[in-house]
There are 2 protein chains.
Amino acid sequence: MEFLTVLKERGLKATPQRVAVLKELDKKTHPTMEEMYSNIKEDNPTISLATIYKNVNLLKEQGIVIEINMPNGKMRYDYLSYPHIHLVCKSCGYIEDLDYDENLFKFQKSIEDSKGVIIDRLDVVASVESCKFCK
Amino acid sequence: MEFLTVLKERGLKATPQRVAVLKELDKKTHPTMEEMYSNIKEDNPTISLATIYKNVNLLKEQGIVIEINMPNGKMRYDYLSYPHIHLVCKSCGYIEDLDYDENLFKFQKSIEDSKGVIIDRLDVVASVESCKFCK
DNA sequence: CTATTTGCAAACCCTTTGCAAAAAT
DNA sequence: ATTTTTGCAAAGGGTTTGCAAATAG
């Protein structure tokens with residue numbers, strides 16, 4: 001199981017709660033804390049919201065989970081199994097993962113060269129007014 | 001005064017409090033709500049924090065002010081007088097405005113073409129571990 | 001004059017914390 | 001056996017709300 005490796009590499013214990021959080025985050029549904037809580041509760045009825053928070057924050061510190069600040073102010077979370085960016089719909093909140101492309105790499109390189117820095121992370125959120133999933 | 005025009009165009013009343021908020025946001029210091037509050041308070045001692053919130057949120061809805069979700073979880077705000085992106089330092093929190101470049105435009109265009117969407121907004125935050133302003 | 005905005009204080013989340021019990025390695 | 005993690009309930013803190021008074025146009 002990939003998640004167990006990811007956790008072991010970082011010296012984190014593989015509790016059922018923690019693995020469940022990673023699984024939820026890996027579904028590409030970009031859930032909120034509450035959504036993870038209610039989904040995980042189905043199989044793990046005793047889990048608490050505080051445990052979701054603690055684990056998500058821990059994984060965020062490890063850089064493998066990121067926070068997406070939605071236009072409506074709500075936070076959503078995503079497992080960053082590989083670098084990607086987000087296309088979000090402002091009307092319905094749908095989020096799609098998009099791969100980096102050549103132009104984005106060039107953009108990053110040109111900032112690094114002109115500013116003399118190494119970019120550690122590039123968060124990109126492209127917003128559209130409405131999408132094919134809007135009613 | 002540019003701000004008065006910006007407000008009039010949107011049918012918003014130009015109260016001294018609102019103009020002061022715009023001025024703070026235009027200083028390129030990317031202040032927090034509290035920072036705006038204490039700065040504005042110096043010249044306008046009766047202003048309330050709630051008024052800062054109400055005005056910033058209003059300007060956000062108008063799309064002329066954006067929220068920057070800092071790595072530490074704190075929110076900072078910026079007047080989007082022209083489209084630009086942010087280079088943020090994870091250690092000291094310094095934020096620098098950077099212009100769009102050719103590559104970023106190409107990137108945007110390629111998503112629009114491949115996905116058949118019009119990107120309404122492109123939020124980019126490039127993070128570095130430390131910068132020249134870190135002690 | 002009318003509609004909007006302000007300022008205050010209270011209410012409202014969402015998120016974090018402390019701690020004893022439980023679980024992982 | 002040791003260290004980490006969980007779950008609970010309470011505390012915390014940033015943000016919003018309701019409303020009467022003040023202000024802008």
Side-chain angles (χ1 to χ4, degrees), chain A residues 1 3-25 31-62 65-77, chain B residues 1 3-25 30-62 65-77 93:
Chain A
M1 170 71 81
F3 298 138
L4 301 185
T5 315
V6 169
L7 294 174
K8 181 163 279 179
E9 280 172 356
R10 290 154 214 272
L12 301 175
K13 292 186 176 176
T15 64
Q17 295 89 335
R18 185 165 293 158
V19 173
V21 166
L22 269 177
K23 273 187 190 163
E24 278 304 311
L25 287 165
T32 61
M33 294 280 188
E34 289 286 349
E35 282 164 1
M36 287 182 251
Y37 178 52
S38 63
N39 287 343
I40 295 174
K41 236 181 156 172
E42 290 177 15
D43 285 333
N44 190 336
T46 64
I47 198 170
S48 77
L49 186 53
T51 298
I52 308 286
Y53 273 96
K54 284 172 188 168
N55 279 313
V56 172
N57 287 341
L58 196 68
L59 297 167
K60 242 189 351 176
E61 284 161 27
Q62 294 289 327
V65 163
I66 62 157
E67 195 170 58
I68 309 169
N69 185 12
M70 295 297 287
N72 67 6
K74 299 232 178 300
M75 291 295 181
R76 304 241 226 135
Y77 299 87
Chain B
M1 171 69 81
F3 299 136
L4 302 186
T5 314
V6 170
L7 294 175
K8 181 163 280 179
E9 280 173 355
R10 289 156 214 271
L12 300 175
K13 292 187 174 176
T15 64
Q17 295 89 335
R18 185 165 291 160
V19 173
V21 166
L22 268 176
K23 274 187 189 162
E24 279 304 310
L25 287 166
H30 311 93
T32 62
M33 294 279 189
E34 288 287 349
E35 281 163 1
M36 288 181 251
Y37 177 52
S38 64
N39 288 343
I40 296 174
K41 237 182 154 169
E42 289 177 16
D43 286 333
N44 190 337
T46 65
I47 198 170
S48 77
L49 186 52
T51 297
I52 308 287
Y53 274 96
K54 284 172 187 167
N55 279 313
V56 172
N57 288 340
L58 196 68
L59 297 167
K60 243 189 353 176
E61 284 161 27
Q62 294 290 326
V65 163
I66 61 157
E67 193 170 60
I68 309 169
N69 185 13
M70 296 296 286
N72 67 7
K74 298 231 179 302
M75 291 295 180
R76 304 242 225 134
Y77 298 87

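Being a predicted model, the structure only gives us computed values, none of them experimental. In what follows, every chain begins at residue 1, and chains take the letters A, B, ... in the order their sequences are listed.
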Rounded interatomic separation in angstrom, taking CD1 from A:I47 and P from C:dA23: 14 Å

Under 4.0 Å protein heavy-atom contact, by nucleotide of nucleotides 15-25 of chain D - B base, S sugar-phosphate only: SBBB-----BS

A:M36 CE - C:dC14 P separation (whole Å): 14 Å

Counterpart residues, side-chain hydrogen bond (donor to acceptor under 3.5 Å, both in side chains), relative to B:T51 (two or more places apart): B:S48

Set of residues satisfying side chain to side chain contact (heavy atoms under 4.5 Å, CB included) with respect to B:D43, sequence neighbours excluded: none

Minimum heavy-atom distance between B:E34 and B:L49, given as atom pair plus value: OE2-CD2, 3.4 Å

Pairing residues for B:K60 by the side chain to side chain contact (heavy atoms under 4.5 Å, CB included) criterion, not counting sequence neighbours: B:N57, B:V65, B:E67, B:Y77

Protein-nucleotide distance (A:L58, atom CG; C:dT16, atom C1'), rounded to Å: 14 Å

For atom CE of B:M70 and atom P of D:dG14, their distance in whole Å: 16 Å

Rounded distance in Å - CZ (A:F3) to P (C:dA24): 18 Å

Whole angstrom value for the distance that separates P of C:dA23 from CG of A:N55: 16 Å

Atom-to-atom span, CZ of B:R10 to P of C:dT5 - whole angstrom: 14 Å

Rounded distance in Å - CG (A:L7) to P (C:dA23): 19 Å

Pairing residues for B:A20 by the side chain to side chain contact (heavy atoms under 4.5 Å, CB included) criterion, not counting sequence neighbours: B:I40

A:R76: side-chain hydrogen bond (donor to acceptor under 3.5 Å, both in side chains) partners, not counting sequence neighbours: none

